[in-house]
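Below, chain A is the first sequence line, B the second, and so on; all start at residue 1.
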Number of protein chains: 2
Amino acid sequence: MKETMRPRYEARAKILKAMAHPSRLMMIEELQKQERCVNELTEMIGADTSTVSKHLSVLKNAGLVTDEKRANCVYYSLRCACVMDFIGCVEDVLAARSADHQKIMKSCKK
Amino acid sequence: MKETMRPRYEARAKILKAMAHPSRLMMIEELQKQERCVNELTEMIGADTSTVSKHLSVLKNAGLVTDEKRANCVYYSLRCACVMDFIGCVEDVLAARSADHQKIMKSCKK
DNA sequence: TTCTTATTTGGCCATATAGCCAAATAGCCA
DNA sequence: TGGCTATTTGGCTATATGGCCAAATAAGAA
């Protein structure tokens with residue numbers, strides 16, 4: 001691999017990796033609608049608070065969310081709305097894939 | 001988490017996870033330009049053939065690439081071009097992040 | 001058939017991840 | 001201050017991942 005490009009691919013991979021978890025995807029989608037504190041997200045996800053907290057720190061570490069302490073809660077919010085474009089892209093891939101499947105299924109029936 | 005949505009988030013996560021590796025991102029980008037056999041990709045990546053083969057099977061498993069045996073080589077190609085939209089999205093995030101950084105740097109100088 | 005090249009698979013090891021529980025920390029409020 | 005709530009951190013275990021080497025497989029070429 002061209003070594004000059006390596007850091008760039010690593011940076012991209014880091015972002016993708018941070019998103020590559022069902023719970024984190026769910027949180028991202030929720031945070032796109034509105035900011036939320038750890039507690040609220042924990043209820044939503046249905047896992048241990050510490051687990052959710054760690055997921056959030058993964059997202060924060062990747063620069064996808066920011067946090068702000070207010071009152072006695074820590075509110076997380078999406079750092080840039082463009083993250084949501086991903087979801088659309090993923091859905092396109094899923095749609096393309098299932099279209100392929102259907103094509104295959106149809107050709108089997110013949 | 002709403003249990004009806006869980007499979008959907010899992011499907012999305014699977015796609016993202018498959019892409020979340022520097023070598024695999026590089027291969028995707030290359031395959032978008034043209035199909036390539038394992039050998040060619042191996043040279044490009046600079047890892048063991050078996051490693052590259054396993055990366056390819058990850059991508060195949062996620063439905064991102066297809067393979068076709070011709071002559072004595074296995075040619076891989078991108079299954080749907082929309083995968084490349086991702087890269088654009090990731091770059092947007094990276095750009096937004098670095099814009100934030102610069103803002104912070106500027107505000108520090110004042 | 002035997003050699004050769006291309007690819008995949010299995011084995012092994014080191015490292016990373018996800019999850020839970022328990023403990024530490026931070027800040028509000030009485 | 002002391003108690004309460006929210007959150008993070010540390011410790012632990014189970015599992016997954018990435019990498020290499022070596023061996024198995026597949027298919028063309030001699």
Among residues 48-60 of chain B, which residues get a heavy atom nearer than 4.0 Å to DNA chain D? B/D48, B/S50, B/T51, B/K54, B/H55

Do any N or O atoms of the protein come closer than 3.5 Å to N or O atoms of nucleotides 2-6 of chain D, and which pairs are they?
residue : atom : partner : partner atom : Å
D/dA6   : OP1  : A/N39   : ND2          : 3.2
D/dA6   : O4'  : A/N72   : O            : 3.4

Integer-rounded Å distance: [N] [atom2] and [X] [atom1]:
| X | N | atom1 | atom2 | answer |
| --- | --- | --- | --- | --- |
| A/E40 | D/dT7 | CD | P | 8 Å |
| A/K14 | D/dT17 | NZ | C1' | 19 Å |
| B/E10 | D/dA16 | CD | P | 13 Å |
| A/H21 | C/dA16 | NE2 | P | 18 Å |
| B/N61 | D/dA16 | CG | P | 14 Å |
| A/R24 | C/dA16 | CZ | C1' | 12 Å |
| B/M19 | D/dG18 | CE | P | 14 Å |

Partners passing salt bridge (Lys or Arg N to Asp or Glu O under 4.0 Å) against [X] (at least two apart in sequence or in another chain):
| X | answer |
| --- | --- |
| A/R36 | A/E30, A/E40 |
| B/D48 | none |
| B/R12 | A/E29, A/E91 |
| B/K14 | none |

The Watson-Crick or G-U wobble partner of C/dA30, with both key distances under 3.5 Å, is D/dT1

Do other residues, nucleotides or ligands put more than 12 heavy atoms under 6.0 Å from the CZ atom of A/R8? no

Verdict with reasoning, A/Q32 to A/I87, per side chain to side chain contact (heavy atoms under 4.5 Å, CB included): CA-CA 11 Å; A/Q32 192 261 340; A/I87 313 295; over 6 Å; no

What residue pairs, at least two apart or across chains, pass ring pair (Phe, Tyr, Trp, His ring centres under 6.0 Å) with a residue in residues 18-63 of chain A? A/H21-A/H55

Which residue pairs satisfy the ring pair (Phe, Tyr, Trp, His ring centres under 6.0 Å) criterion with at least one member in residues 74-96 of chain B, sequence neighbours excluded? none

Counting just side-chain N and O atoms, does A/R70 come under 4.0 Å of either OP1 or OP2 of C/dG27? no

Got a sec, which residues hit disulfide bond (SG atoms under 2.5 Å apart) with B/C80, two or more places apart in sequence or on another chain? B/C82

Tell me what A/Y76 touches on the nucleic acid: a base, only sugar-phosphate, or nothing, going by heavy atoms under 4.0 Å. sugar-phosphate

5'-most by nearest nucleotide on DNA chain C - A/A71 or A/K17: A/K17

